[in-house]
Every structure is written in structure tokens, then in C-alpha cells.
Student: 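If you scroll down you'll find the structure; I have some questions about it.
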Amino acid sequence: LSIGLLANAADALPELLRRGVVPDLVTDQTSAHDPLNGYVPNRMSYEAALEKNPSSSMAYEEYTNVLTAQGQAERSLEVALRAKQLDPLSVLPTHQLGIAYMQLGRFEEAAREFQEAQQIRPSWLWGYIKRGKALAHLGRCDEALSEEKKAEEILGAREHETAWSWIAFANAKCGRQDRARDYLERM
């Protein structure tokens with residue numbers, strides 16, 4: 001069993017140990033070597049980190065991830081907009097903005113952001129998958145399934161449970177339950 005936790009390992013691990021949870025493996029996916037571009041030291045709030053380096057789009061991107069995980073969609077949208085202003089040619093802030101719009105149920109705007117991300121990086125898998133999901137929510141199933149087909153071509157035979165589950169969602173939302181079940185069986 002593998003579980004991902006969005007937290008600073010320096011904060012989370014002591015709490016896990018205090019509760020008697022001893023993980024087999026701990027990895028920290030932050031750029032701790034680069035405190036000015038996205039890493040936030042433990043016990044420092046994202047707001048304090050952003051005050052120290054207000055021009056770091058990476059710090060805003062990381063903060064957007066945290067806000068998204070916490071369900072703070074409105075604040076996530078504000079932070080994602082700032083990240084995109086700082087780095088308009090990066091796929092990541094555009095992606096985060098699309099996710100924030102999806103959380104808010106603003107699927108047309110989400111689809112637009114994911115399409116823009118595709119233009120920035122045409123081989124970017126998540127642009128197709130998430131645009132497909134946004135279009136499926138809008139009932140634009142032909143377009144949604146076309147996006148998911150492109151994602152499937154990029155994925156090939158690779159195992160990627162998260163990607164296959166998102167593709168399955170769009171198919172199910174568009175009334176293709178058998179196809180959705182096929183995608184889920186790949187997991």
C-alpha cells in the first residue's frame with residue numbers, strides 16, 4: 001500500500017511517530033535545496049514564505065497545491081492567478097489555475113486553461129486528461145472523449161492508475177460505462 005501525503009516531512013514524520021505509525025519509507029518531494037523557489041521550511045506558513053520571495057512562481061504553485069488539497073478553492077484560484085502572472089509560459093501555473101476552476105465548478109474556464117497548457121506543452125498528458133474531464137462536465141462528450149483518446153495515445157501501455165481513473169471518469173460521465181470499466185481494469 002502506498003499513501004501520498006501533502007505535507008512537509010519535517011512536520012509530518014514526528015506526528016506520525018507520536019501516533020505510533022512507523023512508515024517503511026519516507027521521501028520528501030520538495031526542493032529543500034532551493035529555499036527561494038518553492039520550498040517552505042517547516043513551521044513557516046506559505047504566506048510568510050511568499051512575503052520573503054514574492055516573485056517566486058514556484059512558491060505560489062506549491063501553495064496552490066496545499067490550498068487545493070484543503071478544499072480552499074477561492075483562495076487557490078487567487079494564488080494560481082498570481083503564479084500564472086509570474087510565469088505565463090509555464091504549464092504548471094496554468095494547470096493549477098485549471099484545477100482551481102474545476103474545484104469551483106467553472107468547467108468552461110478550466111477547459112480553456114487546460115487547452116492553453118496543451119499549447120505550452122503539446123505532449124503534456126494531464127492537459128488532455130483534465131480538459132477531457134472539464135468538457136465531460138459540460139456535456140461536450142465528443143470533445144471530451146477526443147481529449148481522452150489523445151491522452152491514451154500519450155500513455156500507451158504504461159501503468160498509471162491516476163491517469164486511467166481520470167480517463168475512466170470522462171467515459172462514464174459521457175455514458176460509456178463499459179469503456180470506463182475497461183480503463184479501470186487497467187489499474
Side-chain angles (χ1 to χ4, degrees), residues 3-13 15 27-140 143-144 147-148 151 160 162-163 165-167 169-170 173:
I3 299 173
L5 172 66
L6 181 59
N8 187 323
D11 294 327
L13 187 57
E15 179 60 23
T27 62
D28 193 354
Q29 302 295 315
T30 62
S31 54
H33 63 279
D34 192 0
L36 295 179
N37 288 309
Y39 177 71
V40 177
N42 68 317
R43 296 189 185 90
M44 177 183 275
S45 72
Y46 271 91
E47 288 85 0
L50 292 173
E51 286 176 16
K52 291 188 179 301
N53 190 10
S55 63
S56 170
S57 69
M58 289 177 65
Y60 283 91
E61 291 164 22
E62 290 295 324
Y63 189 29
T64 302
N65 282 331
V66 170
L67 293 168
T68 298
Q70 293 174 345
Q72 296 185 43
E74 289 289 342
R75 181 72 178 127
S76 178
L77 178 63
E78 293 169 18
V79 174
L81 283 166
R82 179 66 181 136
K84 188 174 177 182
Q85 288 171 344
L86 291 169
D87 194 359
L89 299 179
S90 173
V91 73
L92 294 176
T94 306
H95 169 251
Q96 292 301 106
L97 192 52
I99 289 174
Y101 281 131
M102 282 213 314
Q103 264 195 321
L104 291 166
R106 294 166 60 179
F107 300 112
E108 191 69 49
E109 290 146 304
R112 185 188 67 236
E113 292 301 325
F114 294 129
Q115 184 173 31
E116 186 177 327
Q118 292 167 337
Q119 292 166 351
I120 294 169
R121 190 184 308 161
S123 63
W124 184 58
L125 172 68
W126 292 103
Y128 295 99
I129 290 175
K130 292 180 181 179
R131 184 165 190 265
K133 184 175 182 178
L135 291 168
H137 276 291
L138 292 167
R140 292 165 48 188
E143 292 173 83
E147 295 294 313
E148 301 304 358
H160 198 306
T162 305
S165 68
W166 280 64
I167 292 171
F169 171 87
K173 185 86 172 158

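Here the structure is a predicted model, which means the values were calculated and not measured. Numbering of residues begins at 1 and proceeds along the displayed sequence.
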Student: So which atom in Y128 and which in P122 form the shortest heavy-atom distance, rounded to 0.1 Å?
Tutor: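 Taking Y128 first and P122 second, the nearest heavy atoms are OH-O, 2.8 Å.
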Student: Take I120 and L89, measure what side chain to side chain contact (heavy atoms under 4.5 Å, CB included) needs, and give me the verdict at the end.
Tutor: CA-CA 7 Å; I120 294 169; L89 299 179; 5.5 Å; no
Student: With rounding to the nearest 0.5 Å, note down the distance linking CG in L104 to CG in L77.
Tutor: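 If we round to the nearest 0.5 Å, L104:CG and L77:CG are 6.0 Å apart.
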Student: Is it true that a side-chain atom of Y101 and a backbone atom of Q96 form a donor plus acceptor pair closer than 3.5 Å?
Tutor: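 Between the backbone of Q96 and the side chain of Y101 there is no qualifying donor-acceptor contact (under 3.5 Å).
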Student: Roughly how far, to the nearest 0.5 Å, is OG of S57 from CG of D87?
Tutor: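 It is 4.0 Å, given to the nearest 0.5 Å.
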Student: Can you find a pair of side-chain heavy atoms, one from V79 and one from L67, that are under 4.5 Å apart?
Tutor: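 The answer is yes, as the side chains (C-beta and beyond) meet within the 4.5 Å cut-off.
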Student: Check E116 with K84, please: is the shortest side-chain N to carboxylate O separation under 4.0 Å?
Tutor: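 The answer is yes: the pair qualifies as a salt bridge.
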Student: With rounding to the nearest 0.5 angstrom, report the CG to CG distance, L92 to L97.
Tutor: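 Interatomic distance, L92 CG to L97 CG, rounded to 0.5 Å: 12.5 Å.
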Student: Which atoms form the tightest heavy-atom contact between V91 and A117, and what is the distance?
Tutor: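 Between these two residues, the closest heavy atoms are CG2-CB, 3.5 Å.
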Student: Please check: side-chain N/O of S76 versus main-chain N/O of Q72, any donor-acceptor pairing under 3.5 Å?
Tutor: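 No, S76 side chain to Q72 backbone: no donor-acceptor pair under 3.5 Å.
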Student: Look at the rings of W166 and W126 and say which category their plane angle falls in: under 30° parallel, 30 to 60° tilted, over 60° perpendicular.
Tutor: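 Correct class here is perpendicular.
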Student: Does the pair E148 and R131 meet the rule for a salt bridge (Lys or Arg N to Asp or Glu O under 4.0 Å), with working shown?
Tutor: CA-CA 8 Å; E148 301 304 358; R131 184 165 190 265; over 6 Å; no
Student: Looking at every heavy atom in both A144 and G132, which two are closest together, and how far apart are they?
Tutor: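 Closest pair (atom of A144, atom of G132, distance): CB-O, 3.2 Å.
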Student: Out of curiosity, R121 CZ to H95 NE2, how far, rounded to the nearest 0.5 Å?
Tutor: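 R121 atom CZ to H95 atom NE2 measures 10.5 Å (nearest 0.5 Å).
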Student: Do the side chains of E109 and R112 get close enough for a salt bridge, i.e. N-O under 4.0 angstrom?
Tutor: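 No, no charged N to carboxylate O under 4.0 Å.
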Student: Using modelled atom types only, decide if a donor and an acceptor are shared between the side chain of S165 and the backbone of T162 within a distance under 3.5 Å.
Tutor: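 At least one qualifying donor-acceptor pair exists.
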Student: Say you draw a straight line from CD1 of I99 to NZ of K133; how long is it, rounded to the nearest 0.5 Å?
Tutor: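 The CD1 atom of I99 sits 9.5 Å away from the NZ atom of K133.
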Student: Quick check: closest heavy atoms across G71 and Q103, and the distance to 0.1 Å?
Tutor: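 Smallest heavy-atom distance, with atoms named: CA-NE2, 3.9 Å.
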Student: Let me confirm one number: the CD-CG distance from E147 to L135, rounded to the nearest 0.5 Å.
Tutor: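 Separation between the atoms: 6.0 Å.
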Student: Could you tell me which non-hydrogen atom of K173 sits nearest to which non-hydrogen atom of A136, and how far apart they are?
Tutor: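 Closest approach of K173 to A136: CG-O, 3.6 Å.
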Student: Would you name the heavy atoms of Y60 and A83 that are closest together and state the gap between them?
Tutor: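 Taking every non-hydrogen atom into account, CB-CB, 3.6 Å.
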